[in-house]
Amino acid sequence: MKIDMYDVAIIGGGPAGSTAATLLAQAGRRVIVFEREKFPRFHIGESLLPFSTQTFDRLGVREKLNRTFLPKYGGQIVAACGTKEAKFYFKDGFRSRLDRAYQVTRSEFDKLLLDHSRENGAQVREQTEVKRLVFTPDRVKIDIENSSGANETLEAGYLLDCSGRQTVLGNFYDLKKTYNHLQKFSVFAHYENVDRPEGIDGTLIRMVRGLDRWFWIIPLTSTRASVGVVMDTKTFRAMKLSPEAVLEKCISEQPTVMERMTRAERVSPVYSAGDFSYRNTKFFGDRWLLAGDAAGFIDPVFSSGVFLAIMSAEKAADTLDAVLRDESRRRRLFKKYARTVNYIMDIYLAFVNSWYRRAKEFVEVFLNPNDTMQIAAAVNAVLAGSGGKSFQIKWRMWLFYFFVNAQRFVPLSPRLSLVPKKEESPASAETIGAAS
Ligand SMILES: Cc1cc2nc3c(=O)[nH]c(=O)nc-3n(C[C@H](O)[C@H](O)[C@H](O)COP(=O)(O)OP(=O)(O)OC[C@H]3O[C@@H](n4cnc5c(N)ncnc54)[C@H](O)[C@@H]3O)c2cc1C
């Protein structure tokens with residue numbers, strides 16, 4: 001029997017898989033994607049970052065995205081005590097050239113990107129699960145099974161694992177290292193009629209920071225929003241309640257979330273996800289690379305997941321294309337790929353660590369922007385997905401962390417309680433990242 005041979009086979013048709021598939025197909029490579037689900041399907045990860053825009057341009061999907069999804073001009077962080085909040089607009093980021101990202105319903109976004117990779121010449125097989133992989137010195141053999149139980153074997157020169165948190169190869173080779181200090185649990189759902197301001201402010205992600213939990217409200221369409229809460233896994237377990245009851249209880253106890261939800265009606269099941277923070281110790285082998293969540297996922301805060309998925313998939317596609325041109329460069333290019341992706345993940349890890357380890361101090365400093373040195377603008381740029389490679393951004397981020405740490409001992413910014421107040425005074429608003 002003749003076995004089909006591809007240049008690259010991709011596991012997973014999420015944002016990472018479809019991005020890599022389109023770019024490889026555009027480069028003239030024979031590429032196939034295996035996706036075990038039938039799209040559209042629900043997925044979490046709805047608030048995007050502006051720095052994905054350059055990849056969307058390369059893919060040729062920006063017009064389609066503009067037509068389909070709500071723009072996102074920035075975000076807002078609110079202290080749960082209700083006394084202070086701050087908005088940041090991407091246009092005010094350090095040397096910003098991008099003023100917006102998108103808020104997306106992932107079922108539609110993922111389908112749009114996967115259909116686009118088909119239109120660009122990638123083969124896509126939905127409802128097809130990768131069951132077994134065998135690596136030989138010059139290829140990978142892939143056993144797949146479709147929804148009716150039929151099995152098939154295909155071969156490819158290289159395998160790109162974009163299987164998300166399933167991380168097929170990470171589990172296969174036992175590469176997964178969880179972040180023990182980030183054992184979080186999240187419950188979330190879609191709601192109709194969540195109140196939001198008119199105009200640009202109605203497009204912002206709203207994050208409410210409590211002492212031991214934080215909430216997101218993400219506008220998805222003109223009437224629909226995603227609402228979720230993240231807490232320690234042990235806090236969730238201690239509640240001894242179902243995910244539905246936890247979401248309801250957390251929202252009802254939080255006036256700065258509740259004030260937006262007096263007319264809200266839940267229109268989706270309550271979903272949950274837990275223990276989602278990990279990184280694989282290796283991102284490549286002789287015949288494979290990992291990209292997106294299959295390489296690692298840090299934390300939902302700061303909405304970096306899809307940005308990291310798309311960024312790493314773009315770099316993986318370019319790396320594989322170069323290696324297919326000249327196999328002798330493989331080792332060097334794979335190493336460079338892993339170094340670059342790890343470096344960018346580390347930037348978000350440092351940010352996330354500060355958010356959780358110094359919860360109160362982080363919010364106190366963030367909500368009191370003193371922009372004489374454009375520190376807030378640099379923080380804003382990282383929140384937009386600027387890799388932070390520039391020294392100009394790096395030293396400003398160091399100073400930000402320094403102020404957050406110093407805030408423990410010296411109240412450089414006014415103290416906040418982060419505990420909801422029943423009769424809160426109206427929040428005083430600030431704008432982060434505006435040029436000083
Ligand atoms: C609670 C929470 C909130 C989040 N919020 C945000 C946010 O606001 N913004 C943001 O940017 N990110 C967010 N994220 C992260 C985001 O969900 C992910 O980073 C993003 O979806 C990663 O994309 P991906 O393509 O790598 O993986 P995925 O989108 O997970 O795609 C992987 C695909 O692989 C398929 N697959 C898996 N195994 C197999 C197999 N064996 N065979 C065939 N197919 C397979 C799956 O069906 C899936 O479709 C959040 C994550 C969590 C947990």
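Both ligands and their constituent atoms are indexed starting at 1 by order of listing. Computed from a predicted model, the values in this text were never measured in an experiment.
Aromatic ring pairs are classed by plane angle as parallel below 30°, tilted from 30° to 60° and perpendicular above 60°; the pair F90 and F88 is perpendicular. Taking the six-membered ring where the residue is Trp, F362 and F400 present perpendicular rings, their angle passing 60° and hence far from 30°. Between F351 and Y401, the ring-plane angle classifies as perpendicular under the 30° and 60° cut-offs.
For S47, heavy-atom contacts with ligand 1 shorter than 4.0 Å involve the backbone as well as the side chain. Of the heavy atoms in Q166, only side-chain atoms (C-beta onward) come closer than 4.0 Å to ligand 1. Looking at I11 against ligand 1, only its side chain comes within 4.0 Å, counting heavy atoms. The part of S186 lying near ligand 1 is the side chain, judged by heavy-atom distances below 4.0 Å. Contact annotation for V168 and ligand 1: only side-chain heavy atoms (C-beta onward) come within less than 4.0 Å of the ligand.
In terms of protein heavy-atom proximity, atom 27 (O) of ligand 1 is closest to G164 CA, 3.4 Å. The protein non-hydrogen atom at the shortest distance from atom 5 (N) of ligand 1 is G45 CA, 3.5 Å. Residue, atom and distance of the protein heavy atom nearest to atom 4 (C) of ligand 1 are P300 CB, 3.6 Å. Closest protein heavy atom to atom 33 (C) of ligand 1: E35 OE1, 3.5 Å. Regarding atom 32 (C) of ligand 1, its nearest protein heavy-atom neighbour is C162 O, 3.4 Å. Closest to atom 18 (C) of ligand 1 among all protein heavy atoms lies D293 OD2, 3.2 Å. In this structure, the protein non-hydrogen atom closest to atom 31 (O) of ligand 1 is G14 CA, 3.5 Å.
Interatomic distance, H190 NE2 to I44 CD1, rounded to the nearest 0.5 Å: 6.0 Å. Taken to the nearest 0.5 Å, the CZ atom of F215 stands 5.0 Å off from the SG atom of C250. Interatomic distance, CZ of F236 versus CE of M231, reported as 7.0 Å (0.5 Å rounding).
Sequence neighbours left out, the pairs with a member in residues 261-270 that pass side chain to side chain donor-acceptor pair (under 3.5 Å) are D195-R263.
Within the 4.0 Å heavy-atom cutoff, L308 does not count among the residues contacting ligand 1. For K131, the closest heavy-atom approach to ligand 1 does not fall below 4.0 Å.
Around atom 30 (O) of ligand 1, the closest heavy atom drawn from K72, R36, Q103, H43 belongs to H43. Nearest-heavy-atom check against atom 25 (O) of ligand 1 across A313, A16, S312 picks out A16. Nearest-residue assignment for atom 21 (O) of ligand 1 (options E129, K184, R165, R106; heavy-atom criterion): R106.
For ligand 1, the atoms lying closer than 4.0 Å to a non-hydrogen atom of V306 are 10 (C), 11 (O), 12 (N), 19 (O). Numbered from 1 in the order shown, with element, the atoms of ligand 1 that lie under 4.0 Å from a heavy atom of F34 read 43 (C), 44 (N).
Aromatic ring centres of F284 and Y337 lie farther apart than the 6.0 Å criterion allows.
At least one cation-pi condition fails for R100 and Y73: the charged atom is not both under 6.0 angstrom from the six-membered ring centre and inside a 45 degree cone around its axis.
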Throw together a table of side-chain donor-acceptor distances under 3.5 angstrom for residues 291-307, partners on residues two or more places apart or in other chains.
unit_1	atom_1	unit_2	atom_2	d
D299	OD1	Y356	OH	3.1
D299	OD2	V301	N	3.0
D299	OD2	Y356	OH	2.8

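For the ring pair (Phe, Tyr, Trp, His ring centres under 6.0 Å) with W288, the lone residue among F283, Y158, Y173 that qualifies is Y173.
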